[in-house]
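The block underneath contains the structure these notes are about, expressed in structure tokens.
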Amino acid sequence: MSFYTQKELQDLGFKFIGDNVLISRKSSIYGIQNISIDDNSRIDDFCVLSSSGHGEIKIGKNVHIAVYSSLIGQEVIVLDDFSNISSRVSIYSSSDDFSGEWMTNPTVDSEFTNVISKPVILNKHVIIGSGAIILPGVTLGVGVAVGALSLVTKNFEPNVLVFGCPAKIIKKRNERYAIFEKEYYAKLYR
């Protein structure tokens with residue numbers, strides 16, 4: 001993978017760019033002035049980050065976004081520290097109205113559409129499996145794990161494993177990651 005240098009990232013016009021951030025040159029970024037990326041985060045090849053409207057994309061520390069993933073919308077999308085987005089994940093803070101009462105798609109004037117926009121919040125240590133889709137208005141509590149190919153349409157409380165279409169709780173998730181986070185920071189700041 002070919003990544004932008006730290007100097008190039010500083011010059012691209014991000015709202016905020018932290019230290020040791022790796023972003024593939026093969027990613028596509030729109031609304032860059034509305035995007036913040038904190039320390040030690042990485043965005044791989046063929047990812048799309050698109051922040052339009054009054055929304056922002058806020059990426060915390062140690063976040064990984066794998067190949068072919070997308071974060072798109074007109075509302076806020078937050079990926080808190082240690083979040084992990086597997087390949088081909090789609091996160092939407094905006095969606096067309098599929099009821100048939102309106103037209104759809106961005107080639108149609110907004111007076112004929114009814115785009116629904118709501119924030120999407122992924123708290124610390126959330127992991128999203130390959131091919132999963134997160135829809136507008138979803139908040140995932142600390143440590144939620146979403147199984148591959150799941151469709152997440154509602155909020156979930158912390159430390160659960162969810163899976164399915166629509167996603168449902170499968171079981172409680174181990175919280176050992178929180179111990180490792182403390183050890184990680186202790187080692188980092190010796």
Side-chain angles (χ1 to χ4, degrees), residues 14-15 23-24 26-37 43-60 63-80 83-123 126-171 173:
F14 283 96
K15 184 172 185 175
I23 300 177
S24 168
K26 294 178 182 174
S27 61
S28 297
I29 302 173
Y30 305 96
I32 201 164
Q33 71 280 359
N34 298 324
I35 299 173
S36 302
I37 306 173
I43 300 170
D44 292 345
D45 290 349
F46 312 113
C47 289
V48 176
L49 277 65
S50 180
S51 177
S52 60
H54 61 276
E56 295 180 56
I57 295 175
K58 299 177 183 179
I59 298 172
V63 173
H64 177 234
I65 303 174
V67 296
Y68 294 104
S69 290
S70 58
L71 285 67
I72 298 172
Q74 298 177 8
E75 261 295 344
V76 172
I77 298 174
V78 176
L79 307 181
D80 206 348
S83 296
N84 187 16
I85 308 302
S86 299
S87 60
R88 299 187 185 277
V89 167
S90 298
I91 299 173
Y92 298 103
S93 68
S94 296
S95 178
D96 281 306
D97 180 332
F98 284 77
S99 69
E101 294 182 32
W102 300 90
M103 294 179 72
T104 63
N105 88 50
T107 67
V108 178
D109 289 341
S110 62
E111 68 184 288
F112 302 107
T113 65
N114 184 32
V115 174
I116 299 154
S117 297
K118 297 177 183 175
V120 174
I121 312 295
L122 278 57
N123 284 285
V126 167
I127 182 169
I128 309 295
S130 295
I133 299 171
I134 312 296
L135 293 183
V138 167
T139 296
L140 299 178
V142 173
V144 168
V146 176
L149 301 174
S150 293
L151 175 64
V152 183
T153 61
K154 65 180 185 176
N155 300 342
F156 286 99
E157 295 298 319
N159 299 307
V160 292
L161 171 62
V162 302
F163 175 75
C165 188
K168 294 180 173 105
I169 295 173
I170 302 299
K171 66 179 186 176
R173 186 169 180 229

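In this text, all values refer to a predicted model and were calculated from it rather than measured experimentally.
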Y68: ring-ring contact (aromatic ring centres under 6.0 Å, His included) partners, not counting sequence neighbours: F46

Nearest atoms (heavy-atom pairs only) where S87 meets A66: N-CB, 3.4 Å

Close side-chain approach of Y30 to I72, heavy-atom, < 4.5 Å: no

Spacing of L71 atom CG and I57 atom CD1 [to the nearest 0.5 Å]: 5.0 Å

Minimum heavy-atom distance between G60 and V63, given as atom pair plus value: O-CG2, 3.5 Å

Interatomic spacing from CD1 in I116 to OH in Y92 - rounded to 0.5 Å: 14.5 Å

Straight-line distance of I65 CD1 to I59 CD1, nearest 0.5 Å: 4.0 Å

Main-chain N/O of I35 paired with S51 side-chain donor or acceptor, under 3.5 Å: no

Donor-acceptor contact below 3.5 Å, side chain N105 vs main chain T107: yes

Heavy-atom donor-acceptor pair, S93 side chain to P119 backbone, under 3.5 Å: no

Nearest heavy-atom neighbours spanning S94 and V115: CB-CG1, 4.0 Å

Salt bridge (Lys or Arg N to Asp or Glu O under 4.0 Å) partners of residues 43-57, not counting sequence neighbours, each pair once: K15-E56, R42-D44

Euclidean distance, S95 OG relative to N114 CG, rounded to 0.5 Å: 10.0 Å

Atom pair CG/CG of N84 and L79 - distance to nearest 0.5 Å: 10.5 Å

Heavy-atom closest contact (S27 atom, I23 atom, distance): OG-CG2, 3.3 Å

Close side-chain approach of V108 to W102, heavy-atom, < 4.5 Å: no

Residue pair C47 / S69, side-chain heavy-atom distance below 4.5 Å: yes

Which donor-acceptor pairs under 3.5 Å do side chains of residues 138-157 form with protein atoms, sequence neighbours excluded?
| residue | atom | partner | partner atom | Å |
| --- | --- | --- | --- | --- |
| S150 | OG | G147 | O | 2.9 |
| S150 | OG | G164 | N | 3.0 |
| N155 | OD1 | T139 | N | 2.7 |

Heavy-atom check, side chain of L122 versus side chain of I85, under 4.5 Å: yes

Distance (rounded to the nearest 0.5 Å) between S50 OG and I77 CD1: 8.5 Å

